[in-house]
Amino acid sequence: MSETSAGRKAPSRAVTISRPDKELWPDIPVTKQAYAEYLRSVSPNMLPWLRDRPLTMVRAPDGVTGERYFQKAAPTYAPAWVMTTRIPAPSAKRDVDYVVCQNLPTLTWLGNQAVLEFHSAPVRRDRLDRPDLMVMDIDPPEDQFEMAVEVAFLVLEVLHDLGLPSGIKTTGGKGLHIVAPIERRVDQSALRGAVASLTAIVVGRRPDLVTDAFRKVRREGRVMLDPSRNGTGATIVAPYSPRARDDATVSFPVTADELRSISPEDFTLRTVPVSLARPGPKRWSALVGERGRLPSRLLRSE
DNA sequence: GGGCCGA
DNA sequence: TCGGCCCAACGCAGA
DNA sequence: TCTGCG
Ligand SMILES: [Mn+2]
Ligand SMILES: [Mn+2]
């Protein structure tokens, strides 16, 4: 029996997978047991992007063909060793105790809870009003991944000019995320302003291809650069998170060089562990330790 | 998925 | 003891 | 305040 240095009993973090043969992604198929193994295999790469961040979950206890729902509050029956952090939710007039996934036992426990999607906040729990990630969310019109790729190159060019390090990942859907870790120097409204300026620069270069139009009708077949994934209340699907879709796609880090030769469907619960095991790109392992500083030029402009 | 409640 | 019921989100911008 | 959107 393990003990803390204070001599009290440490709680056991053993997780039993209930109904291990139940199929969560029947088309592949992926059982609950196989899902737990997936999570374990990606955990060294995935956990750093979940750690200290309030987590929003998409659960589907009967698998992707069954009912699915968002869940923000930790279940009341969660074990004591699952970390939570309390955040007021003004619109719901209550406080929400978010799960904060700090370690593999928690990740496995969430997998057993049929959490099929992990959406983490671009802020860490000790400074909720100071985002540490800037997110460029690239949303192409229906089934137009190639357009998202073209916009990604434009965004990367602007980020490069600003001296900001960043990583690219598929979302598991048709879009892309470009994430730039930043020093926690500015509050969320200043960050939103910076994202708006950055978006305006990209739209200015290719107004035929990119828009920041919020209403779908106004997008007129263009790619939307969606600034709303920034700030305290925002969430972004985590790298290595699966999607609750029939084809079991995964949000997967890719390099700029790979962009023109890949398809989001290439990266699934089946292929990603194999990909990671092979020598190759670091898949955001190195990005964890990098941080850029938003240039004042971007913060001043409207 | 799992707590809860009534039969 | 067991089957069924019930619950499980929110922030934000624009109109 | 309500709706669209993610
Ligand atoms: Mn998106
Ligand atoms: Mn059920």
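In the text below, chain A, chain B and the rest are named by the order of the sequence lines, each starting its count at 1. Note that this is a predicted model, so its numbers are computed, not measured.
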Who else is in the cluster with A/Val274 when I, L, V, M, F, W and Y are joined by side-chain contacts under 4.5 Å? none

Could you give all pairs that pass the ring-ring contact (aromatic ring centres under 6.0 Å, His included) test and reach residues 229-263 of chain A, with sequence neighbours left out? A/Tyr240-A/Phe252, A/Phe252-A/Phe267

Side-chain donor or acceptor of A/Ser251 paired with backbone N/O of A/Pro239 under 3.5 Å: no

Would you classify A/Pro90 as touching base, sugar-phosphate or nothing, given that sugar-phosphate means primed atoms plus P, OP1 and OP2, and contacts are heavy atoms under 4.0 Å? sugar-phosphate

ring-ring contact (aromatic ring centres under 6.0 Å, His included): which pairs involve residues 144-187 of chain A, sequence neighbours left out? none

For A/Val100, the other hydrophobic cluster members (4.5 Å side-chain criterion, sorted by chain and number) are A/Met83

Cluster partners of A/Val217, using ILVMFWY side-chain heavy atoms under 4.5 angstrom, listed by chain and number? none

DNA chain C base-pair string [pairs: Watson-Crick or G-U under 3.5 Å; |: paired with another strand]: |||||||..||||||

Can you name the side-chain contact (heavy atoms from CB on, under 4.5 Å) partners of A/Pro295, sequence neighbours left out? A/Leu162, A/Leu298

I'd like a table of donor-acceptor pairs (distance under 3.5 Å, sequence neighbours excluded) in which one partner is a side-chain atom from residues 88-96 of chain A, with atom names and distances.
none

Run the side chain to side chain donor-acceptor pair (under 3.5 Å) test against A/Lys72 and tell me which residues pass, sequence neighbours left out. A/Thr56

Could you tell me which residues satisfy side-chain contact (heavy atoms from CB on, under 4.5 Å) with A/Arg19, sequence neighbours excluded, listed by chain and number? A/Lys22

Residues touching DNA chain D, which here means a heavy atom under 4.0 Å, drawn from residues 222-241 of chain A: A/Asp226, A/Arg229

If you walk 5' to 3' along DNA chain D, what is the first nucleotide with an atom under 4.0 Å of a heavy atom in chain A, and what is the last? D/dG4 to D/dG6

